[in-house]
Structure formats: structure tokens, C-alpha cells
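Just below is one structure, and these are the notes that go with it.
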Amino acid sequence: MSHTVLNTRTRLCRLACLAPLLCAASASAAAPLQLWFDHPAGDWERESLPIGNGALGAAVQGGIATDILQFNEKTLWTGGPGAAGGGYDFGVPAGPQREALSQLRDEITRNGHVAPERAAAELGRKVHAYGNYQSFGALQLQFPTQEKATNYRRQLDLDDAVARVSYDANGIHYTREYLASYPDGVIAVHLSADRTHSINFTAGLDIPANRSADISVAGSRVTVSGKLNDNGLSYETQLQVIAEGGSVQRSDDGIRVSGADSATLLLAAGTDYAAHYPKYRGVNPHRAVQARADQASHKRWPALLADHRADYRALFDRVSLALSKPAQSTSGNGRVRAAPPIDQWLQHYPSGNSRSDRALEALYFQYGRYLLISSSRAGSLPANLQGVWNHSATPPWNADYHANINLQMNYWPAEVTNLAETTAPLFDFVDSLQQPGRAAAQKLLGARGWTMFLNTNVWGFSGVIDWPTAFWQPEAGAWLASHYYQHYLFSLDDNFLRERAYPVMKGAAQLWLDTLVTDPRDGKLVVTPSYSPEHGDFTAGTAMSQQIVYQLLRDTRDAALRLGDGNFAEQLGETLDNLDPGLRIGHWGQLQEWKQDLDDPQDHHRHVSHLFALFPDDRINLTTPALLDAARTSLSARGDAATGWSRAWKVALWARLHDGDHAYRILSAQLRESTLPNLWSSHPPFQIDGNFGATAAVAEMLLQSQRGVVQLLPALPAAWRDGEVHGLRARGDISVDMQWRDGKLQSARLHSGRDGEIRLELPNNVNVFTLRRIGDNKILSLRDNAKITAFSARAGESYLLTSGEQPVAQEAVL
Ligand code: FUC
């Protein structure tokens, strides 16, 4: 390939090499972060290579004679207001349903439980016009048949978010590059060859049949516009073809390029969707789509590529991870040995070749970051169950937003892996749910505030469906609100707390002040009816419900105190005092999933919701050893096998239990058994939450920062003997780099964005360490056998921690 990838780790170190101990290894450990196949994609789900800019996504197939670039735009959904069949009501009844609710509550009080089918018959609702996320279409490229193509390679470079196809035919080396540019708002494809006049193809747009389609070709631009049959949503896409040399002509099915030296294709797409309740329609997309296609057409390929890379790398390059010592092994001719095609690499994993296995694990971690950047950028909708990629008119689970784990898991890696900006679409989306969410609170629960239940679409669905074993999850609003508070804890951005987080948190909390019920058995406040996803009966006060509500009320009280809303803080404090905590140890030593001691040790259900207080929340922690043991007992009994996202959650839970080896075993099984050849996570089918969850869980193994203490390498598995990580984020506006050898922390660099105390906990196996300020080399702390140390950090300063066993040279910190 002709491109040069400046290695992330090398570059980071060149820029910021404050501790050569950390950086010396980086410079040489580097191999390109890349997935590649030696054949075109045979199957969309298993072999596509995804590119995306948040709003747009495309799946690179790379066929030699016919290349199909299936693409998406996030807002293209059927269903919603005005959809065929009518009756879209946001899942919310016209009038309050207090009677059904209190009847169920009474029944639960009387009998202890109610079957989910009965609960669904009372509280569930038939869904009308919920809709499905749609494929936008496909860019089809037809090339003259090149029967004897050799050296075929289709790759995705995570270092610069470009997919590339290359092959040789008739003595010519052909290259295709594909990217989704966030700054230019287009998907771009560049075709080139190492011989002039060699680029010949026709380009056309293939639009699914479930919509009207007006096609026009003007010059070298194809425009297709129309409306979805289902709901009249207007869409438009424009394809611009730019050739260097040769000729461009109109052809029957689009545009024909002959004898060009190179060509660039630009694809813009949009709809008249707007995230505004209740109509969800904005302006016709024509002007915006045309403007994006026009603007991008004025740029040449090198500028498009450069701007895309700069934008992407500003996010991606913040974190690097190596799980082996610097590469010394070479192929004998002085070059670093190349990685195998990704399908073979995965198939043979674990291969027993430690360097190769560790490289795949690190690639999988970084792939989650790549996917998040590609499917969640400001200005569009959040990453859905498939991120932004979908080729079907009826995708699994509608490719919607499930909120009993999935949407939340999508955003678990955002803060800790230094991609906080990717949360913008989530917060915009949840903000847009406030209005319909208030209607749901009022009508379904008779409460103030807002919430949603199991699932939502892009049309403000905030009510309920009728799927008995999942539909009732009024805690979803609280769980989503916790992401706002986590964003604050990581950034310490008071403005965000005041303007964005607090209103959403306060609304979510008001709902629970109005909805909690006193349990006559013990006088404690409980959620009822309450349901632990997605099994068992409806009862009062399941662990998950109580734990989520506890977290919300606690965080909202803390926020209220900080922002001076004293009255509300007081109300929350009183409620917290009476709230059942949802933390009980049962007869086999387990953490109870229900308020009654009902857990079956043979239950291997994929949801582990009763462990919410261990992860993502932190109420079960090292200061609660009995609960920690109970959580461990429950998690062990649940077993390691599970679906994609469930495994990822378990990895994070074992990391919080500081059992790196157990976490690693599940992570490794996730790669082996719940991962498709293109590294997409599989439920099955493809569901992207498992990718995001695994990336977050790996970060959790390396760094934790809950409860005001930064923990370095809290769950390092034996398999990751040597390694280094740069750029992880800890709560308190802190960035962390670490290097370890033989399973022991050697050095860490902490950069503080704020003035304030940093509390640091070292791994058990480090006895002696020195902490210095980088710059003046002042020693802040020099300890033997101290587990926790605290020091005052200043905004903008960095601190270097070195293990006493490997004393750092004086010059190392200059
Ligand atoms: C939750 C899970 C299912 C699936 C769905 C999209 O309801 O329990 O397994 O992942 O979301």
C-alpha cells in the first residue's frame, strides 16, 4: 500500500515523552492497527469492514468486478407519527392507568409476586408503528472484469479510519480507499492505479424498494430523492463523481468513467427527520445534502483525506495499548512480522503465540474505540444496537435503542477511553426524550419527572410494549441519567452539571420520589411492580430496581448540594434514608436478585442486573467485603458463558472484583465465541454493545477511579505480563499512562486537568514507589508498603510514579 501510517504510539511519544521509561517501549512496539481479509466480503454481517462518521455509515465489501458499498444515515427510520397503519402513540396511553398499577401493586403485596404475562396483560401495550432503522441504499461500482486479479487485500486501518482494497490485474496495481468524513459530512471513495489512464468503471445508486425514488443525473452528479412509503419521511442522496484525466459520461445506470488516472466519489445523504417531539420532522434535506456534496467537491482527495485523518486522530490517538513487550521479533529480513488476515487470526485465537494473541486483544480493544468514534459524533443520533450499520429493512430488535443494558453499554467506553465527545449524541437524544418521557411518567406511573421503559426508537417512544419478560423497566430513565453524572465526574465540568446533567437527573429523581412505595413488610421504600431483566416474576423491590434508584437519588443529592438546591437535596436525603438498598445476602451466600431469597444457583441467565451496584455503580466495593463476596458468589454461579454483551458485562464485573484472570478468561472466550470474523460482536446476531462493553471492560481491568480513588492495574491478568497504556481517563479530570513488566507496575504518569487532591491506590505487588512532579522533579511521596497515597495536584501538571524496584534515572523525568 502506498500510504504511510505514522504509528500512534510513536507519535504520542514524540509529542509527549515525559518519561522515557514509558516511551522507549512505545516507539518500537508498534504494528499497524489493522483488520484485513484476503477476499471480498461474502456476507454483510460477518465480513463487512465498517466506516462511519456518526451520521453516516458504510460497509465495505470490496468486490473486484462489482463493489457494493451499502450505506446508512442514522435518521432513516420507518414508523413514528404518520406511519402506515397509524396509531403511533409513543407507547403511552391517552389516560392515566393508575388503577391497573395499584391493582398489580396490591396483588404483589398480597401474594409476593405476579407472573410477567399477567403484568403485561395489565400494563403492557400493543405497539403501533414503532418502525425500523433502514438501509439508505448502496453505491454500486462496476469494473471491467479482471479475471486474473492477484494479491487481493481488503483492510481497515484503525490508525486513520480508512478502508482500503488493493489488487493487481493485467500488470497494474489498483487501489480503492474508503472513508466517512466527519468534517465534510460525506462518504468518500478514491480509486487509483499505478499506471495512468487505468481507471474504468460505472457508478450508480441502488435504492431499496420501500420508498419512492426520483433519480436525476446532471453532469457527474446523481441525485436520488423521495419518501419512505411507510411514513413519508423525505430523503435525499447525492453522488458526485470526479475523475482526474479520462472521460466522465452519463450511462444507463449512473455515471461512466473511462481511462482516468484516478477518481473520487462523494456521497452525501440526509432526511427531513428532526429530533423534536411530537412531529419529528424538520426541513427537506435537499439543501443540506446538496451543500455537503458541493463543498466536498471543491476539495481534492488529498485534502479530504488529510482533514478526515486530522479529525479522527484527534480522538483516536489519545489512547494506545500494547499488551506485550516491544516487538523484537522480526521475520528474519528485518521487518516486523505481518498479522494474518483477521478471519484466520480470530479462528486460530488463542494461537499460543503470545505476541500474536496479545496483539489481537489490543486490536479488539481499539476496535471498540474505532466503532464508537465512527458511530457516535455530535450532531446526529446515538449509536444504536448496530452502531450506524444496517443492511436490512427489518433488522433484529429494529436496530433500536434498548435501555435495559444495551444503550448504556454502548457508552461505557466513552469516558474511560478518552472519547468523552462521543457522548454528545447520547445526551442530545436523552434530552429529546424529556417531553415524551414526562408524558410516560404521568400516564403510566402517575408521577412527575420523566422516564422511558425498555426500548425507544427515534420517534420519542417513551412508553411500554407488551413483551412480558422485558417490557417493564421504569428505571431506564434513571440509568440513562447516570451517564450525565459520570460525564461530570470525569470532566468536573460544573457548567455541564448545571446546564445539562442536573435538569435531567432532577426530573428522573422526581419520578421516583412520587413512585416509591412503602413495603408493609419492613417499612422500606421499594419500586413496585419491579422486574429483574429478563426472567422471574414481578415482585416488589428487585435488587436492580433498588440499586439504580439508589444511585440516582445519591448522585442527584450530591449534585443538588453542589449546585445549591438545598431543599431538593434534603428531600432526596430523607428518601435515601428510607430506601431499601437492594443489597441482601441470601441463603447460599449470593447477592439476592430479588428482595425475597429466591435465587437459583443453577440460573445462568445472561442478565446480571442485580450486580449493578458492583458495575456500573460502585456501591459494592472494597469497603463492603461481605457484599463483594456475595457478588462473587452470584457471578460465579451465573457462569462465564453468555451472549456477546453479557460476557462483556461479566468481564467488567470481574475487573471490579479485582480478579484479572477471571475477567481475562471471559474476554478471551468472547473473542473466540461471540465475535464475528470482522470483529463485530455477536449476540448472535451482530449487536454492537458487546464491542463497546468489552473495550470498557479492558479499560476497567487496567484502571479504575470510582469513589475518589485512582486504582492502577487493579485487575491485571497473568496473560498480560508486560504492557503499557497511554491516555486512559480517571474521574477527576485525570489522564493516566502506565507501563508494567512481569506483571508489576513500573511507572505511571498522571496528568491533572484541575487543582485538587489525587488519591492513588497501587497494585498489591508494588512495595516501594516514588512520586515526583514532572518539570521540577520534586519528590512528592516516597513510600514503602503504602497502599494509598494522596497528593495535591495542580491543573496542567503531570506526575510520575516509579516503582522502587526499577528506580528511574534523574534524566528520565526531564
Ligand atoms: C435486551 C437483551 C436481549 C437483546 C436485546 C436487544 O433485551 O436481553 O438479549 O440484547 O436487549
Side-chain angles (χ1 to χ4, degrees), residues 45 77 79 91 116-117 119-120 124 127 130-133 368 371 375 381-390 392 394-412 426 429 451-458 461-477 479-480 530-536 538 542-545 548 593 603-612 616 638-653 666 670 673-676 680-694 696-697:
E45 183 187 37
W77 267 71
E117 293 69 25
V127 196
Y130 185 79
N132 278 290
Y133 182 40
L371 291 172
S375 63
L381 292 162
N384 60 39
L385 283 171
Q386 297 184 178
V388 58
W389 302 279
N390 164 43
S392 165
T394 52
W397 311 102
N398 319 81
D400 72 354
Y401 300 93
H402 268 56
N404 68 359
I405 181 64
N406 319 87
L407 176 58
Q408 292 89 338
M409 186 178 279
N410 282 3
Y411 287 90
W412 282 356
L426 176 70
F429 185 64
T451 195
M452 57 163 288
F453 287 74
L454 170 69
N455 53 320
T456 187
N457 52 16
V458 301
F461 190 89
S462 53
V464 290
I465 59 172
D466 60 0
W467 178 26
T469 54
F471 79 102
W472 190 257
Q473 221 232 317
E475 306 83 7
W479 193 344
L480 288 167
S530 155
Y531 193 68
S532 196
E534 300 181 8
H535 63 160
F538 277 64
T542 64
M544 181 211 65
S545 302
I548 292 178
E593 185 162 356
D603 182 351
H604 296 136
H605 198 273
R606 62 187 177 283
H607 281 271
V608 281
S609 311
H610 49 319
L611 301 182
F612 179 90
R638 222 43 163 223
D640 295 349
T643 62
W645 62 256
S646 174
R647 288 191 209 256
W649 194 353
K650 289 175 182 176
V651 178
L653 288 163
I666 301 178
Q670 184 175 350
E673 296 165 12
S674 298
T675 303
L676 298 164
W680 269 345
S681 186
S682 176
H683 186 52
F686 161 46
Q687 213 173 276
I688 207 160
D689 39 21
N691 284 103
F692 295 139

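When a ligand or atom number is given, it counts from 1 through the structure's own listing order.
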Min N/O separation [X] to ligand 1 under 3.5 Å:
{"X": "Arg606", "answer": "yes"}
{"X": "Gln687", "answer": "yes"}
{"X": "Trp397", "answer": "no"}

Taking the side chain as every heavy atom from C-beta outward, state whether [X] and [Y] have any pair of such atoms under 4.5 Å apart.
{"X": "Lys650", "Y": "Gln670", "result": "no"}
{"X": "Glu593", "Y": "Arg638", "result": "yes"}
{"X": "Asp400", "Y": "Leu385", "result": "yes"}

Review point. Atom 1 (C) of ligand 1: which protein heavy atom is closest, and how many Å away?
Key: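 The closest heavy atom on the protein side is Glu534 OE2, 3.1 Å.
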Review point. What residue and heavy atom of the protein are closest to atom 11 (O) of ligand 1, and at what distance?
Key: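 Protein heavy atom at minimum distance: Asn406 OD1, 3.0 Å.
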Point to revise | Contact atoms of ligand 1, heavy-atom distance to His607 under 4.0 Å | key: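 Atoms satisfying the 4.0 Å criterion: 2 (C), 8 (O).
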Check your understanding: Can the ring centres of Phe686 and Trp389 be said to be less than 6.0 Å apart?
Key ->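 Centroid separation for Phe686 and Trp389: 6.0 Å or greater.
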Check your understanding: Trp645 and Trp397: aromatic ring centres closer than 6.0 Å?
Key -> no
Point to revise | Pair Ser545, Ser530: side-chain N/O donor-acceptor within cut-off below 3.5 Å | key: yes
Review point. Which one holds for Asn404 and ligand 1: side chain close, backbone close, both close, or neither close, with close meaning a heavy atom under 4.0 Å?
Key: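 Under 4.0 Å from ligand 1, Asn404 contributes side-chain atoms alone.
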